[in-house]
Every structure is written in structure tokens, then in C-alpha cells.
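Mind looking over this structure? Questions follow.
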Number of protein chains: 2
Amino acid sequence: MTQGEAPARSTRSRPTMREVAALAGVAIKTVSRVFNGVPTVDPAIVTRVREAADQLGYRPNLTASSLRRGDGRTATIGMLVEDAANPFSAALTRTVENVARARGVLVLVGSLDEDPARERELAQALVDRRVDGLVIVPAGRDQSYLINEQRTGTRMVFVDREAGLLDADAVVSDNRQGALTAVEHLIKAGHRRIAYLGDRPTIPTAAQRFDGYRHALEVAHLPYDEAIVQQVPAGEEAAVAATKRLLELPDPPTALFTSQNLVTIGALRALRALGLQDTVAQVGFDDFPLADILNPGISVIAQDVEEVGRRAAEMLFHRLDGDESPTRTVTVPTRLIERGSGEITAGGPRHD
Amino acid sequence: MTQGEAPARSTRSRPTMREVAALAGVAIKTVSRVFNGVPTVDPAIVTRVREAADQLGYRPNLTASSLRRGDGRTATIGMLVEDAANPFSAALTRTVENVARARGVLVLVGSLDEDPARERELAQALVDRRVDGLVIVPAGRDQSYLINEQRTGTRMVFVDREAGLLDADAVVSDNRQGALTAVEHLIKAGHRRIAYLGDRPTIPTAAQRFDGYRHALEVAHLPYDEAIVQQVPAGEEAAVAATKRLLELPDPPTALFTSQNLVTIGALRALRALGLQDTVAQVGFDDFPLADILNPGISVIAQDVEEVGRRAAEMLFHRLDGDESPTRTVTVPTRLIERGSGEITAGGPRHD
DNA sequence: CGACGCTGAGACAACGTTGACTGGGCGAGA
DNA sequence: TCTCGCCCAGTCAACGTTGTCTCAGCGTCG
């Protein structure tokens, strides 16, 4: 801890157009015109106003401006994600920010931690600040509380999961198809006893991925066995425990489909702890950094997070530009990345 | 792509206090009082107003409110980080958000990508929206453009790096000491030829870490050799290449100190590509997910990101609460985490 | 030489809200 | 019974800005 020299006093308050106008010897409205680039102002006066503004350190007040302006736009959008700190949310935020920045729009961010009450509170807080639009990764299953905001002009796009009880645009990954691909890939490697490890099915994406898992088994005429299905609250520890439970079964699975990021990591920790990482196959849903450098590399179904974020932001701004076409749900495909763990063949004890 | 059913029309505009007042049969001011929890309102009227508000879907306009209110607070702070998508920035954002949320304050986020011009633009954009305060991980070395904002009441705290040419609060990690610890640790394991791989020294934190490296060598009376120092632009690819250059020297280092996240990851990729991960020791600055699961685990100097973010946010809000004490720089200690890679002893060819 | 149009700047009101003040009604004390 | 004071709700203006309207000044054309 170091001490600074002088206290940073806040003495004067911020200068307003009135003061700039007084110093430049013009009317307030003229200052307004200068800062809005209205061409019908005498160049000499423009210079005079700009100099006065610089001298005072004047900056236009965008909140006042947006209040008075016809459209009431704040050049700000709100973004509600699961957790600003997790890689998926962070990547999404960044992509949306990039699109927004190109239009001079800033992004307010809030983390929901899968809590529907918090979703509602934060959405309201954003609406109260009159954001022009919202990008939401919903935590709850009911967004009907936004009907009124939607009707009164707040544009919104849902990401990763569709809105519940609300007709709104959405951009989602193809969860079901991704899961299907993952499980089919394991089946192709000869596995007939494939475990499912994932989030609880109350989370829509988890339900869709689980659905893809079951569908893949069905297509391959493999039996569905509840004993090797673990739907646990997301989190590494829970996933580690669940994986251990599965592998200690008398009749353990020869492959794992882990349908969420933290679950994937938990499972691979468990496999390593048991020395089974080269024996039991694994495909995870969602890519993560360093997945390629592990031994074996972790095969995953990768979501195209950038594409999802970009499409969502573009849809939102399209709406803000006046697009009144029917709402759409855009589905972004996923991609299988083979790195080793998913290509381990069924070598252990066979069960057919 | 799925089609929705009906277009989401924006017909009516948002209701105002005026309309609520008309419906409830009271004066606007009374509605204002109800929404501000002023106790001198007849409970029957409170109910009537609330019902009218609910019926209309009224939500107070915080921008208008903040304009009129004495303090002009917007209950919004700005946060400028290097890149919202990288783990350090994301964790920082989340921590600041947590502290802010407890006070009903939202966070506007912007990514700077190490571009001083963008820092300036975004800081101005935030000020123009009248954020109450700023948390900044500066990209440039000169923040004097903020002197005026500071004087007119915008509070600000710098994070990770101190402000340049501006007297402001800051919270930083102990970069120099952390680097010193890392290199001393490698020296203790018997290494006498320790390479430095890091960002270019124009970035203050990189310079401090480099300084710690040199100091450790000095203390141990080891020679400083420019041949095994690589100061490259951050990024995995550049780090991979730099590491390979070092290891292909006729007289290669037996240990690496990698002073930045992406550099650390690049170096470990290079080591693996060359099959040297169990031969050449490595300590990285900054922890990263899965560092413990690699083989060997990667020893790091971990920054306490949560502590840094929390302290910064708390300092900011303290200032907003009226703290006028001299500015301070808070230094948060780092911590060595031993996981294997840093404990590899100097076994290869000796050079003394 | 007078009317007209145009250019460029100012006056005024309003955006949605709240601070300061006002005023009506009612109970209590003289 | 009258007055004083208090409680509670209303009126008015203002926050900093911009949309609308007005108007002064000047050049042009008949």
C-alpha cells in the first residue's frame, strides 16, 4: 500500500451547455447545434463554441439528451448472462460488445447464476435505465414479465435458450443434434454402454442434450439404462462424484457423454484420478481451453459461440433499425472435434 | 431457423408518471412519492397508485430521475478491461459486478485490446453517460485526459496497473515480488540458466515482472543473458515460436519463467511439442484453469483476482460514499502454487 | 425601391422526474 | 368557538438537452 500525494477533490460540478453558451456568447441552442453537427452554423461560431467547450472541459450529457430526443435511445444495451466469469458467457459478451461498439452502443452486463428471480430483477433494472435492447441468456423458463416491455419498444433477443411464454427472437446452438452426433460418434467407436452425465433437465439446454443422447441410443437400438445416467447440478465437484459412482458400478460404462463444460472437466478429473483416461472414452459438450493439450486430448462438440453472439447482436440491432418481421429462432450448428478421448474404442469388458 | 408466429409490434410508448397519476386520480408528485417510498402518503393512496402503475406496466425512468435528482447519480459504473473474453478480465468484471450489485449498481463493460485510443474513447463514452465511477485496467500510459472528469466528480480506480500522469486510486498485484518468487523458486531447484518469456516491456506489468526476474538473478549472483530473454507481443503463437527459439539455442535454458498467461500456455505447448515438458522446468505468472491436471502440473504465481477486483470496487464505492482521503495504491500479494513443472531440477547439461 | 425568400441564430416549451414551496383540512388547546 | 399547527397532497419550476417556432438580417428580383 502506497500513499498518494494529494486528495482528489471534487469541487466544481460538470459544466453544461448553458455555461459553454455563456462563455462563447451564443444561445444554448447554438451549442446544441454545434455538438450535433447541424450544418447551418457559421464556421466562426462553431470554432468559438468548440473552444469554449474545450476550455471548460464540457462533455454533452447523453442521459439528458436521450430524455429529450424523440426516440429516447440511450445507445446502451443490456446483456444478461449466466456468469460473466465463465468462458461461454465471457466470449458471448465480447462478441456482442464488438457488434455494439461498431454502432457506438455500450453494453451493461449482469450475471444471473441460473436464478430466475435475479433475471427478473436485473431485466427490470436494465429496463429502468431505458436500455435500447436486451440480450438475454435466460435463467428461468418464464419471460412473460417482459411482454409489456416488448410492447413498449424494448427490443430483445434470447441466446442459448429460447424465451418461455414470450414470442421473441432467439439464437441457439443445435443442442439436440450436437448430443446426437457425440453419442453416435461413441457408438461408431464400438461403445454400447455409454453413460450420460449432465445438468439437471430443468435447464432447457440440458434437456435438449439429454434428448439427443436418448435419440442416438434409440437409433442404434441400444438399451436406455437409467443406472448410467447422472443428472446433477452443474459444478466440478458434483461431476467428479457422479463419474466415480458410474465407474464403480458392477457394470460400468465404457464411454461417457458429458453434456456440459464443468461436468466434462469434472469427469476428466475423475477419470484421471482412477487412471482410466486411456480406457474409458469421453466426448464433452462445449469446447474449453487446453482441451487439446491433455493426454488424451478431449474430444468435444464445440459450439460456435462467436457466431451465436454475433447473430444475436445483429438481430437485435436489426430490430432496433425497425425490422418488424415475425420473430425467428436461429439455430447455429455445432461441430465435433476429435482429439483422442472420443476415439478410444470399446476395449474393456464387453456388454452385449 | 424457425419462424415465430406474430410480429412483435411496438405500438404504445412507455407509460409515465403522468399517466399513472391520471389513472389513480392523484398528482404526479404523489406518484413520485409512492415510488420513492416517502412515508407521508396515505396507505390507501399508495395502494391506488401501485395498482394503477401495475395496470399500466409503469416503470420509473431512472435516466430522468437521475437528471433531476441533486446528486445526479445514475447507479451505473463503467468498467474498462483488456478483453471481456479473457479469464482475468472476466473474473475481475464478475467480482466488481458482485460488489456493485449489492448496492443496486449496474456495470457497463468495455474491452480495450491494449489500445490507448480505444481506452480514451470508451472512457469518454462512459463519462458521457454519466456513470458514477470507473474501474479501469488502463491500456495506455497517460490518463491525464481524465483529470477534468476526476475534478468534476467522476470517481475512478485503476486496476492491475497504476494510472499515468493522474493521481488516482489503484489496486495492483505485486508483480515484481511475484516474479522474484518464481525465479528464486527455480534457482532453489538448482537452475542457473533461466529464460524469461514475456510481454513487451512497454506494458507496465510486464516491465515489473521483468524487473523481478532480473533482481532475482542479481541476488543469486547469476549472470543476465539477453540471449535467453524473449519479450514478445502477447499471444500463444508468438510464445510458441519464442520458446522454440530458446530451446534450439546451442546453450539452452534449463528453466523458463513465463510472465504472462498466454505466454505460459504457448511455452507449455512448445515444450510438449518438443517432448521436453519433463526436462525443462517452468513457472508461469498467472494461474489458469486445468493447470493442475496437465502432466506435469504447471507451477504458477497466482494473482488473487477476486481480491483485486473486490478491493477495487470497494475503494470506488468508498469514494462515492464521500471518502476524500489521499489516493492510495493497494498492492495485493501473489502466491506460488507448486504443481510439478516448477520443481523439475536442473538435470540436463550444466552451465556454470 | 419594396416585397420576398433564405440563411442562421435565438426564444420557448417539453422530455420524465423531483426539490421547494403552498395550501386545504382537521384536531387540539386557549 | 377560534386559532394555531400539523399532516398530507398539490403546484411550480428546474435538471440538461433538443424540437418547433420565430425573427432579424441580408441578398435578390421585379
Side-chain angles (χ1 to χ4, degrees), chain A residues 12-50 52-53 56-75 127-132 152-154, chain B residues 12-50 52-53 56-75 127-132 152-154:
Chain A
R12 286 179 317 149
S13 66
R14 195 168 287 286
T16 70
M17 274 193 178
R18 177 201 299 290
E19 294 164 57
V20 175
L23 183 59
V26 296
I28 294 183
K29 180 75 229 219
T30 302
V31 179
S32 166
R33 278 194 264 256
V34 170
F35 275 87
N36 286 286
V38 174
T40 66
V41 184
D42 187 317
I45 293 189
V46 172
T47 314
R48 205 141 45 97
V49 168
R50 292 223 173 276
L56 294 173
Y58 170 77
R59 292 254 90 209
N61 184 332
L62 247 57
T63 68
S65 166
S66 111
L67 179 62
R68 182 60 182 88
R69 285 189 126 95
D71 55 10
R73 292 283 172 85
T74 52
V127 167
D128 292 353
R129 280 167 184 75
R130 295 299 185 268
V131 292
D132 299 333
T152 53
T154 307
Chain B
R12 286 180 317 150
S13 67
R14 195 168 287 286
T16 70
M17 274 193 178
R18 177 200 301 289
E19 293 165 57
V20 176
L23 184 59
V26 296
I28 295 183
K29 179 76 230 218
T30 302
V31 179
S32 166
R33 277 193 265 256
V34 169
F35 275 86
N36 286 286
V38 175
T40 65
V41 184
D42 187 315
I45 293 189
V46 171
T47 314
R48 206 141 46 97
V49 168
R50 292 223 174 275
L56 294 173
Y58 170 77
R59 291 254 90 209
N61 184 331
L62 246 58
T63 66
S65 166
S66 110
L67 179 62
R68 183 59 182 88
R69 286 190 124 95
D71 56 11
R73 292 283 173 86
T74 52
V127 166
D128 291 353
R129 280 168 184 75
R130 295 300 185 266
V131 293
D132 300 333
T152 53
T154 306

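First the proteins, then the strands, lettered A, B, ... as listed; each starts at 1.
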Q) Any donor-acceptor pair under 3.5 Å joining the side chain of Lys29(B) to the base of dG19(C)? A) yes

**Prompt:** Judged by modelled atom types alone, do Thr154(A) and Arg14(B) share a side-chain donor-acceptor pair under 3.5 Å?
**Reply:**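 Yes.
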
Distance-only donor-acceptor test, Arg33(B) side-chain atoms vs dG10(D) base atoms, 3.5 Å: yes

So, is Thr40(A) near the phosphate of dT7(C), with a side-chain N or O under 4.0 Å from OP1 or OP2? no

### Message
Return whichever of Arg69(A) or Val41(B) has its heavy-atom-nearest nucleotide of DNA chain D closer to the 5' end.
### Response
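It is Val41(B) whose nearest nucleotide is closer to the 5' end.
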
Which nucleotide wins on minimum distance to the side chain of Arg18(B), given the candidates dA9(C), dC15(C), dG10(C)?
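Taking heavy atoms from C-beta onward, the closest nucleotide is dC15(C).
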
Rounded to whole Å, the CG-C1' distance (Asp128(A) to dT17(C)) equals 13 Å

Exercise for the section: Take atom CG of Leu56(B) and atom P of dG16(C), then tell me their distance rounded to the nearest Å. Expected result: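 Rounded to whole Å, this separation is 14 Å.
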
To the nearest angstrom, the CG-C1' distance between Asp42(B) and dG25(C) comes to 13 Å

State whether Thr30(B) places a side-chain N or O below 4.0 Å from either non-bridging phosphate oxygen (OP1 or OP2) of dG10(D). yes

Of the candidates dA9(D), dG10(C), dT17(C), the side chain of Ala27(A) sits closest to dG10(C)

Establish, with yes or no, whether the OP1 or OP2 oxygen of dA14(D) is under 4.0 angstrom from a side-chain nitrogen or oxygen of Arg68(B). no

Protein-nucleotide distance (Tyr58(B), atom OH; dT17(C), atom C1'), rounded to Å: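 After rounding, the gap between these two atoms is 7 Å.
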
note: Arg129(B), atom CZ; dG16(D), atom P; distance rounded to Å ~ 19 Å

* How long is the line joining CZ of Arg14(B) and P of dT17(C), in whole Å? ->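 So the CZ-P distance, Arg14(B) to dT17(C), works out to 10 Å.
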
inquiry  = Go through it in stages, so that I can follow the logic: the residues are Val41(B) and Thr30(B), the test is side-chain contact (heavy atoms from CB on, under 4.5 Å), and I'd like the CA-CA distance, side-chain angles, deciding distance and then a yes or no.
reply    = CA-CA 8 Å; Val41(B) 184; Thr30(B) 302; 4.3 Å; yes

Please report the distance, rounded to the nearest Å, between CD1 in Ile28(B) and P in dG16(C).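 Between P of dG16(C) and CD1 of Ile28(B): 10 Å.
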
Compare side-chain N and O positions of Ser32(B) against OP1 and OP2 of dT18(C) and report whether any pair is under 4.0 Å apart.
yes

- Message: As a quick check of understanding, evaluate side-chain contact (heavy atoms from CB on, under 4.5 Å) for Asp71(A) and Asp132(A), giving each step before the final call.
- Response: CA-CA 10 Å; Asp71(A) 55 10; Asp132(A) 299 333; over 6 Å; no

Next item on the list: Looking at every strand, decide which applies to Ala64(A) at a 4.0 Å heavy-atom threshold: base, sugar-phosphate, or nothing.
Entry: base

Checklist entry - Can the positive tip of Arg50(B) be found less than 6.0 Å from the middle of the six-membered ring of Phe35(B), inside 45° of the ring normal? => result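 So Arg50(B) does make the cation-pi contact.
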
Worksheet item: Does dC15(C) have OP1 or OP2 sitting under 4.0 Å from an N or O in the side chain of Asn61(B)?
Response: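 Negative; the distance criterion is not met.
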
Checklist entry - Looking only at atom types and distance, does a side-chain atom of Arg59(A) sit under 3.5 Å from a main-chain N or O of Asp128(B), one as donor and one as acceptor? => result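 Such a contact is absent between Arg59(A) side chain and Asp128(B) backbone.
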
**Request:** Please state how far atom CE in Met17(A) lies from atom C1' in dG10(C), giving the value in whole angstrom units.
**Result:**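 These atoms are roughly 15 Å apart.
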
message: Could you check whether the side chain of Arg130(A) and the base of dG16(C) have a donor-acceptor pair of N or O atoms closer than 3.5 Å, going by distance alone?
response: no

